[in-house]
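Below, chain A is the first sequence line, B the second, and so on; all start at residue 1.
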Protein chains: 2
Amino acid sequence: MSSRRATISDVAREAGVSASTASVVFSGKVSVSDATRAKVLAAAEALGYTGPDPRAASLRTGRAGVVAVLFRERLASAFRDPVTAAMMDGLTDALAPIGAGVLLLHDEGPVESAPTLTTAPVDAAILLGCNEILQSSVDVLGRRGIPVVVIEGDAGPDVPQILLDNVEAQRTAAEHVRSLGHERVALVTLTKDATRPRGFIDDPSRIAVEVTRDRLRGARQVYPDAPAYAVGASSIDEGLAAGRVLLQGERPTAIIAQSDLLAAGVIRAAEEAGLRVPEDLSVTGFDGITVDGLAPYALTTLVQDAIAKGRAAGEAVVAMLEGRDPASLTLTCTFRRGNTTGPVPA
Amino acid sequence: MSSRRATISDVAREAGVSASTASVVFSGKVSVSDATRAKVLAAAEALGYTGPDPRAASLRTGRAGVVAVLFRERLASAFRDPVTAAMMDGLTDALAPIGAGVLLLHDEGPVESAPTLTTAPVDAAILLGCNEILQSSVDVLGRRGIPVVVIEGDAGPDVPQILLDNVEAQRTAAEHVRSLGHERVALVTLTKDATRPRGFIDDPSRIAVEVTRDRLRGARQVYPDAPAYAVGASSIDEGLAAGRVLLQGERPTAIIAQSDLLAAGVIRAAEEAGLRVPEDLSVTGFDGITVDGLAPYALTTLVQDAIAKGRAAGEAVVAMLEGRDPASLTLTCTFRRGNTTGPVPA
DNA sequence: TTGTAAGCGTTATCAT
DNA sequence: ATGATAACGCTTACAA
């Protein structure tokens, strides 16, 4: 009909009231007489006005109703990892009370090529994992006065963190394996850095990904000399590939994997090699997810509450947005013995 | 330092130029003398100004730099489905040129409880799947003048759609199975509706989910009387459960599943029952994804290019945002014969 | 309960 | 190349 989209002023004029009154009808902040409300609503209906323009409201109120989640990886990868999925679940849950949408961003390429993070109208940001880009992102957001929470990464003392007791948890798994008598143990680790090279790890100090480094450290506290093979991604197929490598020659009697998906792949590699789990090979995972299709195996693993992790991040964001002090939090993994670990073969 | 966040006016004053000039330095739309640029940048640096406020810029320019994706399901489910993941991959790819962020929204609950869709500052929206809520969403967005694209759903003739030839593709699979001589065939379908009840389908016309209905129709064009069992989700474990049901008693010699994950579950059920695939049971999937851990099976399936689907949706959105006419598009699946189908057992 | 007025921070237009 | 001006559409003291 009209060449221009109707605004709240148009509605007010049509209804014969002031713009502020019309505004109040939509926001519901102040009481309005029923008659007035009806008039305004009727006018809105007539003009096809569907409510205040979020952009203008956002400018005025200073709130965008959007929380950004910055991923270290491609969004597609994020969509593929069950732990990330669970985390997003908790996150969206925690954000629901403030009705915030979730804006996905990812930082590919060099530092300055992430325009969306500085360009997007967001009230807060959650950063997932840590690397150099992340640190610079934190700086920009900090200067903007945008609250930031980091999950499993370190961006300095001023930024609230949601952490996992990766070192202790992985040590617990290793101790369990040792208690079963295993001496020859191999490790399958998550990615070393953004380039995702596969292969044995020579120098643990050069691992850029904190999670990988921490879990490796935990395992090495028990098995200082265990060989560690890094994969390119957390998936069954990558675990399978790693398992094939590690089960060649003089094979280990136990393999400690840094994720359940990797562990599931290792188990497949074992089956492929004619080995029984856990009679011939013990395998541990990490995460405590349900690996689709892994039954009847029940992984011995460290159960992390990824949903709680996401929820904690979400709640920290909500707290900051409400002016409260967010708590940094370290979540604890629970050891769960399944049927994939057993005594060292005679 | 200052109690108030620096604005572009502050920067301009500090630099001794006008606000518009300072603005131009950041937008880069018009040429500015090097000296002026340097002055402005220095002033910004001094004041800790990190660039224009996206909210204000958005109000002024009318662009938010954000595209919304509305899911039918919980976000967590979306993060779990490989096809959705691939679609998001293509989508983010297509959106990259315009540098738009992706805002995730989902419509749980009753129609009016989706405030974010009308509240969020977005330039366009992509709706995934179809149901009643979706139709009303389209209406609201339409009145707002926000371009909408629907993937695998129908929201009227004015809304561009990205479709799949589900009927034809599934019929092709069924014809392949028939050409192998199979007579006793069972179907495993995707969810019937939002309540996700499992069980045999009595009345196909009451299926709310278009994809499920179309693929079922395709299969029934070849096997009008084949029993169809609907699952609660597209996953290996759901396929396993369905397979167990269907392989009881006088079992079929072929099972046509509406997704690869379901097919993978059916194969596991077959293994569990001591049946060989394809010697004792033929199985077909749909999607053409790589099922993590399914090797050495290569599913006979319909390959859909989910990445292309997402990309098409993204491109349609870009086209609309640039004032061009977006094309509705029907993507075609490709039949791929793997090693999970064979002649009917003697 | 309703209206007035003053911005929120930016950028497009037009003039210089 | 730079500057003055006027929106963008809305919300919220404050006044009536």
Using whole Å, what does the distance between atom [atom2] of nucleotide [N] and atom [atom1] of [X] come to?
X     : N      : atom1 : atom2 : result
B/R13 : D/dG3  : CZ    : P     : 14 Å
A/L59 : D/dG9  : CG    : P     : 12 Å
A/R63 : D/dT11 : CZ    : C1'   : 10 Å
A/F26 : D/dT12 : CZ    : P     : 15 Å
B/R55 : D/dC10 : CZ    : C1'   : 14 Å
A/R37 : C/dT1  : CZ    : P     : 10 Å
A/D53 : D/dT11 : CG    : P     : 9 Å
B/R5  : C/dG9  : CZ    : C1'   : 13 Å

- prompt: Counting distance only, does the side-chain N/O of A/D89 pair as donor-acceptor with the main-chain N or O of A/I307 below 3.5 Å?
  reply: no
Nearest-neighbour nucleotide for the [X] side chain, [options] considered:
X     : options               : answer
B/P52 : D/dA4, D/dT12, C/dT11 : C/dT11
B/T7  : D/dT5, C/dT10, D/dT11 : C/dT10
A/A56 : C/dT10, D/dG9, C/dA12 : D/dG9
B/S33 : D/dT2, D/dT12, D/dA6  : D/dT2
A/I8  : D/dC10, C/dT11, C/dT2 : D/dC10

Looking at [X], I'd like to know whether one of its side-chain N or O atoms comes within less than 4.0 Å of OP1 or OP2 on [N].
X     : N      : answer
B/T36 : D/dA1  : no
B/S23 : C/dT11 : yes
B/T61 : C/dT11 : no
B/T21 : D/dG3  : yes

query: Do you know which of A/I126, A/V66, A/L95 makes side-chain contact (heavy atoms from CB on, under 4.5 Å) with A/V102?
result: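 The residue from A/I126, A/V66, A/L95 that satisfies side-chain contact (heavy atoms from CB on, under 4.5 Å) with A/V102 turns out to be A/L95.
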query: How far apart are the C-alpha atoms of B/R144 and B/D139, what are their side-chain angles, what is the distance that settles it, and do they pass the salt bridge (Lys or Arg N to Asp or Glu O under 4.0 Å) test?
result: CA-CA 9 Å; B/R144 274 221 126 81; B/D139 290 346; over 6 Å; no
query: Reckon A/Y49 touches a base, only the sugar-phosphate, or nothing at all at heavy-atom distances under 4.0 Å?
result: sugar-phosphate
- request: Please step through side-chain hydrogen bond (donor to acceptor under 3.5 Å, both in side chains) for the pair A/T21 and A/S18, ending with a clear verdict.
  value: CA-CA 5 Å; A/T21 301; A/S18 75; 3.1 Å; yes
- prompt: With no angle test and no hydrogens, is the base of C/dT10 tied to the side chain of B/R60 by a donor-acceptor pair under 3.5 Å?
  reply: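 Result: no qualifying N/O pair found.
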field: N/O donor-acceptor pair, side chain A/S20 with base C/dT4, under 3.5 angstrom
entry: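 Under the 3.5 Å cut-off, the side chain and the base do form a donor-acceptor pair.
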message: How close do A/S328 and A/Q161 get, counting heavy atoms only, and between which atoms?
response: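 Answer, listing the atom of A/S328 first, then A/Q161: OG-N, 2.9 Å.
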task: Would you mind telling me which residue lines up with the more 5' stretch of DNA chain D, B/V24 or A/V24, judged by nearest nucleotide?
output: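 On the 5' side of the pair lies B/V24.
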query: Is there a side-chain contact between A/K309 and A/V83 (heavy atoms, below 4.5 Å)?
result: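 A/K309 reaches A/V83 side chain to side chain.
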